[in-house]
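Here is the structure we will look at.
In what follows, every chain begins at residue 1, and chains take the letters A, B, ... in the order their sequences are listed.
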Amino acid sequence: MDSRFTMEKSDAIFDGDRLLPGYDLLSSDLGRGDIPLLYWRMSRSATELRGIVREGAIGRVCLQKSGIVSSAGRCSLNSIIYRELDLFEFFGEGRIQSVFSVFNAGHSVNVIVRMNTGVLCSLEIILDLPDNTESQETHEIVGRGGVASDRVVDSQLSRSSLYCFTRLAGDRYMDTDAELFGFDAEQVGRIRAAFEIYREPGLRDTWRVQHRHLADVVEAVGESAKRCRKIVLV
Amino acid sequence: MNPIKIAMLSLTHGHARKYFQSLKDHSRFDWVAVTAETEQVREEFLRKGYTVPCYLSEEEMFERHPEIEAVVLASENSRHLSQMESCALRGIHILSMKIPSFDPGEYERMMDLVREKGIICQVELELHYNPVVTRLKQLVLGEQRLGTLRTFNATNITLSPVWAFPWQGVPEKSYGKRVPLGVGDNRFRGGCLSDHPHVFDLIRWITGSEFEYLYGEAGPNMRTELQVEDIVLVTGKMKNGTSFLFDPSWSRDEERIEVPGPGWEKYPKRMEVNLSVGGDGGVILADCFGPNVYYSGAPNDRYTVRYTYFDEWIGLLDEFSDCIAKNREPKLNLAWHWKTIQAMNACYDSIYGGEPVFL
């Protein structure tokens, strides 16, 4: 490994750049070397869903829905809000115009979003799963010509590529990347996002600009719940 | 090490297009030329916008590009031997499609050429570079999670590629000659079974054993106009006692289009390799190409699987370049692969004779 590269608990440092998941930079101003990684955009399912929309296979998008069920020990509400609102914009190529949100005890939030393209979106987050339970995530995009989703029809739970049933336990594995075999999906995304930053020189600025926008949107989501009213972003 | 100068010979095989982006992006290869067998295929390739010259004559390509060090042999099965001879004489390394030949004499000639000329010849069996198969190997071979294996069942089912790649429906081109499928059967060898060697290969790796016997039967064709088989089931045992059932059928219907693309499939999933592996320690169920993302919509308003995790060609090319650089024999070499071809021929013999065939 390049000696200029170091890994700390939750971030990576390379040549003075601090590569962090964007939501980890919400609580402070962006430093000069801070690069917010929008690594969920690198996931293959996100890439394919976006491709389906861009190719026009489902026609003009009318509705986007995201549902996240996880545990508070695994992630924070704001980190999921940040990620999922970015995915709305990534899939639909629009910009969030307004939000209306309802929080409950810091463990759940529902958000209705309107994009500047007119597309309506819903985000449901529940963080009441026990810590030892696998998260469930679903993304659905509804167009005038069809529907795209990362959840197979007529099912409630996410699936894996391999299930191992033995007398001791039942394990499941989701292996998606032969080059980065052994890393989990989040690690794969972060590694690929970091590489992309250095492969595509313009991406660093693009993601920094997007981060600032997302920070405003996340704040608006919180403000909407506090005031119980729709917040329009300018 | 400088990137290896590589070319593609013919663009006739269904897998040819899988290499385009991989060869363009791969840092260890410099993609310098391709040949097409017809003007139509050449135009189709040029429309994709790759800045690689495309020739209609192999001789012309080799004359103009003496720098070529390796080729991907992406032609119909019946052309493999002559193209291998042409490459071997020039000392050019070869990445062959999955069926070098079904004919023992031709196959032996290929092995002789590779040995005499000291070139690398790797057979393309891309499942080895699939992350789900990697996990399966780790759990079964590394961690021995299943203990002693008893069963290895697998599907390797697809739509039929014949309308896009007509040679796959011509017995002389896919099987190498016209051999009746059975007594009184008006079909011939060269269909779905000839297209699907992967699970016959994989079971040998996972069990570390060879075939003891195979029993095959062909069903009535889904596509009555084909002169080759499209429904086949195979069962049997390995020498270590592992039993197996394989389904290598073209059992997923397709639109009869000439250029593969969106809307090709009628059934939502155009290709599947699912494995059920059992032993005295438990069972593993694996989907080598799933889960995916899904959609309905254009072009035919059908529910469709959008393949999401599918990059086997990167690992396959990594190994090919490594073998060339280190003058190392590929794990999927001709000698290894011959026993898989023998097993597939035994299936055809069993279908013909109605009895199991012992190897």
Side-chain angles (χ1 to χ4, degrees), chain A residues 43-61 91 138-155 157-185 188 192 199, chain B residues 25 126-140 143-147 261-263 268-269 274-316 318:
Chain A
S43 88
R44 298 283 286 271
S45 58
T47 305
E48 294 301 332
L49 285 174
R50 186 178 196 230
I52 289 166
V53 172
R54 295 183 93 176
E55 290 161 16
I58 60 169
R60 194 239 197 238
V61 174
F91 292 146
T138 180
H139 302 88
E140 182 178 287
I141 308 168
V142 180
R144 287 187 176 146
V147 176
S149 177
D150 52 11
R151 177 70 51 80
V152 71
V153 65
D154 203 20
S155 65
L157 302 178
S158 60
R159 295 175 307 131
S160 299
S161 50
L162 186 147
Y163 298 85
C164 180
F165 306 100
T166 65
R167 288 184 193 90
L168 298 175
D171 295 337
R172 52 194 281 185
Y173 300 87
M174 183 64 186
D175 295 301
T176 61
D177 196 312
E179 285 181 289
L180 296 173
F181 183 80
F183 293 100
D184 65 33
V188 167
R192 291 206 175 275
R199 206 172 67 87
Chain B
D25 293 342
E126 69 276 12
L127 263 186
H128 282 272
Y129 312 96
N130 173 294
V132 182
V133 170
T134 303
R135 177 70 66 184
L136 179 75
K137 287 178 182 171
Q138 184 184 79
L139 295 174
V140 175
E143 300 175 21
Q144 299 283 314
R145 291 273 194 103
L146 301 187
K269 194 170 184 180
N274 282 7
L275 310 171
S276 311
V277 187
D280 58 13
V283 173
I284 286 176
L285 304 176
D287 177 353
C288 298
F289 298 102
N292 293 285
V293 302
Y294 314 87
Y295 71 104
S296 60
N300 298 321
D301 286 333
R302 293 196 185 110
Y303 189 67
T304 304
V305 172
R306 171 86 159 214
Y307 287 95
T308 304
Y309 309 109
F310 202 34
D311 59 4
E312 286 71 18
W313 275 263
I314 297 170
L316 187 150
D318 282 348

Contact class of B:D301 relative to chain A, heavy atoms under 4.5 angstrom: side chain
Contact part of B:L136 toward chain A, heavy-atom cut-off under 4.5 Å: side chain, backbone, both or neither? both
Applying a strict 4.5 Å limit to non-hydrogen atoms, the region of A:E179 in contact with chain B is side chain
Where along residues 139-146 of chain A does a heavy atom come under 4.5 Å of chain B, listed by residue number? A:G145, A:G146
On a heavy-atom basis, the closest approach of B:S296 and A:I58 is O-CG2, 3.3 Å
Check each atom of B:F289 against the heavy atoms of chain A and say whether the ones under 4.5 Å are side chain, backbone, both or neither. neither
If I compare all heavy atoms of B:N292 with all of A:R159, which pair ends up nearest, and what's the gap? N-NH2, 4.2 Å
Is the closest side-chain heavy-atom distance between A:D171 and B:R145 below 4.5 Å? yes
Residue part contacting chain A, namely of B:Q138, when any heavy atom lies under 4.5 Å: side chain
Region of B:Y294 in contact with chain A, defined by heavy-atom distances below 4.5 Å: both
Measure distances from B:I314 to the heavy atoms of chain A and classify the residue's part below 4.5 Å as side chain, backbone, both or neither. side chain
Measure A:F181 against the heavy atoms of chain B and call it side chain, backbone, both or neither at under 4.5 Å. side chain
Contact check, side chains of B:T308 and A:T176, non-hydrogen atoms, under 4.5 Å: no
Reported OG-to-CZ distance for the pair A:S160 and B:R135, which is rounded to 0.5 angstrom: 10.5 Å
Pair listing, salt bridge (charged side-chain N to carboxylate O under 4.0 Å, His left out) test, anchored in residues 274-284 of chain B, at least two apart: none
